[in-house]
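These notes are about the structure you will find just below.
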Amino acid sequence: MSDTAPAQSPTAPRPARARAEIDLDALRGNVRALRAKAPTAAFMAVVKADGYGHGALPCARAAVDAGATWIGTATPQEALALRAAGLPADVRIMCWLWTPGDPWREAVEAGLDISVSDVWALREVVAAARAADRPARVQLKADTGLGRNGCQPADWPELVARAVRAERDGLLRVTGLWSHFACADEPGHPSITAQLTLFRELVAHAEQQGVRPEVRHIANSPATLTLPETHFDLVRPGIAMYGVSPSPDLGSAADLGLRPVMTLAASLALVKHVPGGHGVSYGHHYTTPGETTLGLVPLGYADGVPRHASGAGPVLVGGKWRTAAGRIAMDQFVVDLGGDEPAPGAEAVLFGPGDRGEPTAQDWARAAGTIAYEIVTRIGARVPRVYVGETP
Ligand SMILES: *Cc1c(COP(=O)(O)O)cnc(C)c1O
């Protein structure tokens with residue numbers, strides 16, 4: 001892939017084309033920091049979407065090291081893959097995004113906690129439990145105001161009644177009652193207390209009907225960080241565990257006691273002198289203002305570098321912030337190095353924790369008009385993940 005290695009910053013292992021370095025010690029530290037904010041609640045590490053792009057299995061293992069006793073995913077396929085990979089058997093795995101035709105029976109046999117938002121799903125679970133000849137673990141999800149997944153309050157009594165009946169028949173165990181916030185990242189938003197009040201009512205109704213859940217839960221990252229009254233029996237942080245602030249309005253990662261886990265870096269593929277007036281990349285949206293040097297960064301939108309950050313995305317090269325000059329293409333983009341002449345192979349850091357002076361995922365989110373969640377989760381499969389810190 002590469003020939004001789006040009007000078008590198010002493011702290012950074014050399015990337016080939018590019019790499020996403022995943023600092024598992026940082027992830028452990030973030031789990032501990034979040035647990036300290038919710039000391040009486042169990043911790044569910046949310047590792048959906050391949051651990052927000054960081055690698056689901058190594059992140060799940062590191063989170064368990066740091067005290068997580070639950071793992072959360074969106075799809076049953078993600079959850080089954082983790083169960084098959086051999087996480088400790090006492091670590092519970094829950095998944096919440098089910099579609100007809102999904103592997104219900106495998107999920108029951110694997111002992112997954114299955115989220116149910118509707119009667120059709122309860123029917124599937126019950127059929128799977130009969131086929132597997134063992135009770136399913138079911139967590140009933142209420143829509144307390146997010147308006148996305150979850151059972152509408154008007155339909156809750158029927159869902160609860162049917163679940164209670166199936167529990168009495170030995171076909172399932174209602175292990176949890178849960179919901180999800182719409183605006184937990186907007187401190188003081190009136191929907192927060194409204195959702196919380198409704199959640200308490202729906203939980204109370206289910207308990208009056210005889211449900212005895214192991215866990216009641218509603219807190220995502222921002223709620224874990226800032227709303228102790230929402231912690232109940234379990235918290236479900238995702239983004240904060242990866243060291244990214246859920247919202248700039250809540251403060252930076254450092255303000256929240258978190259450390260970004262992913263560093264995205266590449267090796268410059270070309271450094272060249274060009275005259276002034278030279279158009280750069282598709283559409284010539286950048287023209288060199290004078291004689292200069294250009295550096296070619298071998299990462300593009302197919303790797304998850306957002307095309308919307310063309311002309312704006314920041315990169316640290318040789319201790320200086322440079323900006324994506326012109327369009328970000330599928331596999332590559334260009335930075336104007338202003339006459340500097342780093343060697344080919346010199347390190348270009350797109351984002352990281354920020355303490356080497358590099359930009360953060362939040363800086364890229366701002367440049368692309370999106371949220372940092374989208375920046376880290378979309379880093380493509382072509383970028384190798386390299387794990388640093390103690391690997392569990
Ligand atoms: C993604 C997700 C979470 C974690 O959300 P963050 O904002 O990343 O903390 C928690 N619960 C559910 C249901 C989710 O889908």
Side-chain angles (χ1 to χ4, degrees), residues 2 6 8-9 11-23 26 50-55 239 242-245 248 252-253 259-271 280-281 286 294-338 340 342 344-388:
S2 60
Q8 280 290 302
S9 91
T11 52
R14 177 181 159 69
R17 176 183 76 105
R19 54 194 262 141
E21 191 177 290
I22 309 298
D23 182 350
D50 199 23
Y52 289 47
H54 297 66
I239 196 72
Y242 304 99
V244 175
S245 169
S252 67
R259 181 169 175 79
V261 171
M262 183 189 292
T263 296
L264 180 64
S267 302
L268 291 183
L270 186 68
V271 177
V280 173
S281 193
Y286 181 78
L294 298 178
L296 183 63
V297 180
L299 280 170
Y301 59 77
D303 301 297
V305 179
R307 187 169 175 276
H308 270 88
S310 296
V315 183
L316 184 75
V317 184
K320 295 179 193 153
W321 276 38
R322 305 296 188 182
T323 303
R327 285 261 169 84
I328 292 169
M330 187 182 297
D331 315 300
Q332 44 191 307
F333 67 94
V334 172
V335 289
D336 187 333
L337 296 169
D340 285 2
E347 191 183 36
V349 184
L350 281 75
F351 61 83
D355 47 9
R356 283 196 286 150
E358 74 276 24
T360 62
Q362 182 55 46
D363 293 317
W364 272 87
R366 197 176 306 113
T370 185
I371 55 174
Y373 290 69
E374 193 177 1
I375 300 298
V376 294
T377 54
R378 296 189 75 173
I379 300 307
R382 191 164 64 173
V383 179
R385 271 57 170 179
V386 178
Y387 293 93
V388 301

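Of all the heavy atoms in Gly243 and Ala253, the pair that sits closest is O-CB, 3.2 Å. Looking at every heavy atom in both residues, Ser267 comes nearest to Ala16 through OG-O, 2.7 Å. Nearest heavy atom pair, residue Ala365 against residue Ala372, reads CB-N, 3.5 Å. In terms of heavy-atom proximity, Asp355 sits nearest to Arg259 at OD2-NH1, 2.8 Å. Of all the heavy atoms in Arg322 and Leu337, the pair that sits closest is NH2-O, 2.9 Å. Nearest heavy-atom pair across Pro248 and Ser245 is N-OG, 4.3 Å.
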Arg385 and His54: side chain to side chain contact (heavy atoms under 4.5 Å, CB included), yes or no, with the steps? CA-CA 7 Å; Arg385 271 57 170 179; His54 297 66; over 6 Å; no

Run Val349 and Thr263 through side chain to side chain contact (heavy atoms under 4.5 Å, CB included) and show every step you take. CA-CA 8 Å; Val349 184; Thr263 296; 4.0 Å; yes

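Considering Arg378, Arg17, Arg19 as possible partners of Asp303, the one that fulfils the salt bridge (charged side-chain N to carboxylate O under 4.0 Å, His left out) test is Arg17.
Using a 4.5 Å cut-off on side-chain heavy atoms (C-beta onward), Trp364 and Leu350 make contact. Using a 4.5 Å heavy-atom cutoff, the side chains of Phe333 and Val305 are in contact. Two residues are said to be in side-chain contact when any heavy atoms from C-beta on lie closer than 4.5 Å; Leu299 and Leu264 meet this criterion. Within the 4.5 Å cutoff, side-chain heavy atoms of Trp321 are placed close to those of Asp363. Looking at Val261 and Val376, their side chains never come closer than 4.5 Å, going by heavy atoms from C-beta outward. Within the 4.5 Å cutoff, the side chain of Ser252 has no heavy atoms near those of the Gln362 side chain. Residues Phe351 and Val244 are not in side-chain contact: their nearest non-hydrogen atoms beyond the backbone lie 4.5 Å or more apart. Using a 4.5 Å cut-off on side-chain heavy atoms (C-beta onward), Ile22 and Val388 make no contact.
Thr323 places no side-chain N or O within 3.5 Å of a backbone atom of Gly311 that could act as its donor or acceptor partner. Counting only distance, with no hydrogens or angles, the side chain of Glu358 and the backbone of Arg356 share a donor-acceptor pair below 3.5 Å. In this structure, Ser310 contributes its side chain and Ile328 its backbone to a donor-acceptor pair below 3.5 Å.
The distance from the CD1 atom of Ile371 to the OG1 atom of Thr377 is 8.0 Å, given to the nearest 0.5 Å. With rounding to the nearest 0.5 Å, the separation of CD1 in Ile379 from CE in Met262 is 6.0 Å. The OH atom of Tyr52 sits 13.5 Å away from atom CD of Glu374, with the distance rounded to the nearest 0.5 Å.
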